[in-house]
Every structure is written in structure tokens, then in C-alpha cells.
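Here is the structure we will look at.
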Amino acid sequence: MNPFARIGAGFKKLASGLSKTRQVFQRLLVAANTEELEEALLAADVGVKATEILVDKVKRASGDRRLVLEAEIARLLSPPQSLAPSPQFPPLVVMIVGVNGSGKTTTVGKLCRLFADQGQRVVVAAADTYRDAAAEQLGIWATRAGVEIVSSVQGQDAAAVAFDAIQKAALKKMDVVLVDTAGRLHTRKDLMDEAVKIKRVCAKVKAGAPDEVWLVLDATVGQNGLRQAAAFNEQLGLTGLVVTKLDGTAKGGVLIPIVMELGVPVKFIGTGETLEDIEPFEPEAYAKALFEE
Ligand SMILES: Nc1nc2c(ncn2[C@@H]2O[C@H](COP(=O)(O)OP(=O)(O)OP(=O)(O)O)[C@@H](O)[C@H]2O)c(=O)[nH]1
Ligand SMILES: [Mg+2]
């Protein structure tokens, strides 16, 4: 079964999660001239490059402005390698990284449930060995979703936890390993080096692992997300993004410059604090929900 298949509760939920961002995007529809449109696009966090592209499209097109914008935004949000490559052989190992508090552990909990609901057999590696509470928090969600969790035993470092989890998953022929890592500032070399080490150790158990490295990005940080994403991408070679906290922000437009700059697709979006509040990302639906309820 494809773990990326859409099972979300649909467009209504997505649109409700994007309600604050939509207020900003709806201004694009009433902008009276090019200057106003430019201002509105920049205020919507889409960045300078996308603003130029979108203004140009609107100028040239004769049809309905909303539809022109929707189509172009969907295109900008669809980098070439849109679908996750399936792993050469199971388990699919996904390493989850990001700055402190971006929503990594919550996302792992949500993904456990999502994948388990699809019949995938999941192992979670609680590879955040800095925060004691992290494994506990994850343990509760993992148990609720009926998935296995591998936590550190005393003295073990994060890479060892990831190693054990992948080994266990391989032995038991499980489908997916989700590796939750500690929050780290992209500007701290020692912490970024640790993430690189975790990544390297994964490959010792399974060739090519991690199959995926996803950056969890808090949408409320807006344009700062670009710098974070670029730094993580440079160090770890990201294969996907998960954008969280879209429910609490008007900055949902920031996905556009980030995807354009990195060429890395958004895999999932988080629209709330409960385990159900995750949606597989679909560029067309997202673009539509920027304007419509
Ligand atoms: N509104 C909202 N809150 C979220 C979302 N995702 C996570 N959160 C909240 O963000 C806070 C931090 O979440 P965590 O999952 O602990 O973040 P983390 O990245 O694991 O944090 P560290 O491990 O400390 O780096 C919690 O209060 C979560 O409930 C989301 O999509 N929407
Ligand atoms: Mg965490």
C-alpha cells in the first residue's frame, strides 16, 4: 500500500486550516492595479520571485484572475520529483529533522496513526535523547496508534536508537521506520553534525537509508523558514518538507518560495494539535484553499 495515498477528510478541513492565510490571499482578487497586486503578493509571503511570476501571469491572462493564480501557484508548488521514491526494499526509513519546537514529535505521532490506519506496520525511533519527555510523549501516541517504539537505553546516543529501530524493523519485516530527532538550530554546527551522524548510521543497517529526510517547518516563522530549510537541505539533503501550524498563521504563502528555492516537495501539512490534524499535501487543493472555503 502506498503510504502517501490521500486519506484526509478532504477539502473542507484543509480550507478551515488555511482560514487565516486565505484572508491574505483573497486581497489578491481585489487588487485594483499591478502595484496593488504586487504589494498584496509580498504581504502574502510568496517572496519576490513568485510575485514577479504571478504578476506576469495575471497581466497576460485574460481569464478569471483567481483561476489564473490558483493554476500558477499549484505549478510553483509542484517540483519535478513530486512523489516520494519508494524504497528499493523495506522498511521505508524516514528521518524527521527541524529546529526546536517546530512540531517534529507531534508530526511523527500523526504519521504513526496515518500510516497505521493504512495498514502499514510502523516502528518509531525516539531518537531525541536530549528531552526525556520526548520519548514519553511519543510512547503515548505510538501505543495509541498500535505501533512499536524503540527508545534509548541509558548512555545510548541518538544514532544508536535509529540503528536499533531500523534493525528491528528489518528483522520483523516492518514497512516504515519514523526517526524522531531532537530539535536543533540550523546555525549550530555541532548539532547539525550530530544529525549528519544519525543519517550516516542509518545507512549502516540498510543501504540507502534514510530513504527520506523530512524537514518539519513551523509556518508561523514565515520568511525565516527559507533560511532554515536551506541550511538543513545543505547538510542533510532533504527529500521532503512537512509544514506545521498552518492553522495558527496567515503566512501559509511561504510554502511557495521555499518549494521554489529548494526544489523539495511538501509531503504533509499540519493544521492543528490533535493526531487527526495532518493532510497529505496536494498542490492543486492547497492553491484552491488559498482562495476558497
Ligand atoms: N496549532 C498547531 N500546533 C502544532 C502543530 N504541530 C505541532 N504543534 C504544537 O507545537 C508544539 C511543539 O510540538 P512538538 O511536536 O513537541 O515539537 P518538536 O519539534 O518535537 O519540539 P522539540 O523536540 O523540542 O524540538 C506543541 O505544543 C504542539 O502541540 C500544528 O500543526 N498546529
Ligand atoms: Mg520533539
Side-chain angles (χ1 to χ4, degrees), residues 8-9 13-22 94-114 124-145 147 149-152 157-159 161-162 165 177-188 190-192 194-195 198 213-222 224-225 228-229 231-232 235-236 238 240-255 258 266-282 285-286 289:
K13 202 167 146 227
L14 172 66
S16 131
L18 285 175
S19 59
K20 289 189 180 160
T21 297
R22 189 165 47 251
V94 185
M95 179 175 167
I96 305 287
V97 297
V99 302
N100 305 75
S102 60
K104 294 174 295 299
T105 304
T106 308
T107 297
V108 169
K110 290 173 177 178
L111 290 174
C112 275
R113 195 189 129 127
L114 193 95
V124 179
D128 179 353
T129 49
Y130 292 99
R131 273 186 49 203
D132 283 344
E136 213 171 288
Q137 181 188 359
L138 205 48
I140 295 168
W141 286 331
T143 312
R144 222 182 278 166
V147 314
I149 179 160
V150 174
S151 305
S152 68
D157 71 358
V161 178
V177 181
L178 298 171
V179 182
D180 182 34
T181 64
R184 65 197 74 241
L185 261 180
H186 53 294
T187 47
R188 282 273 303 271
D190 53 337
L191 298 179
M192 292 304 275
E194 190 207 53
I198 299 174
V213 183
W214 293 350
L215 175 69
V216 175
L217 209 55
D218 174 346
T220 63
V221 305
N224 281 337
Q228 278 177 32
F232 274 96
Q235 296 288 312
L236 293 164
L238 301 176
L241 302 167
V242 178
V243 184
T244 60
K245 308 189 196 181
L246 278 162
D247 50 306
T249 184
K251 295 177 176 164
V254 77
L255 267 70
I258 292 176
V266 179
K267 300 287 187 184
F268 291 95
I269 53 175
T271 53
E273 294 188 273
T274 75
L275 289 190
E276 294 81 40
D277 298 326
I278 188 160
E279 291 283 315
F281 183 74
E282 289 175 351
Y286 191 83

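One-based numbering, in listed order, for ligands and for the atoms of each. If you read the sequence from its start, that first residue is 1, and numbering goes on from there.
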When every non-hydrogen atom of A229 is compared with those of L238, the smallest separation belongs to O-CD1, 3.8 Å
Heavy atoms from other residues, nucleotides or ligands near CD of E136 exceed 12 (cutoff 6.0 Å): no
For ligand 1, give me the residues whose heavy-atom distance to it is below 4.0 Å, by chain and number please. V99, N100, G101, S102, G103, K104, T105, T106, K110, D128, R131, Q137, G183, T244, K245, D247, G270, T271, G272, E273
For T107 and T244, work out which heavy atoms get closest and say how close. OG1-CG2, 3.6 Å
Answer yes or no as to whether an N/O/S atom of T105 is found below 2.8 Å from the Mg ion (ligand 2). yes
What residues form a side-chain hydrogen bond (donor to acceptor under 3.5 Å, both in side chains) with D277, not counting sequence neighbours? T274
Where do L241 and I258 come nearest, in terms of heavy atoms and distance? CD1-CG2, 3.7 Å
Here's a test for you: under ring-ring contact (aromatic ring centres under 6.0 Å, His included), which of Y286, W214, F281 qualifies with F268? W214
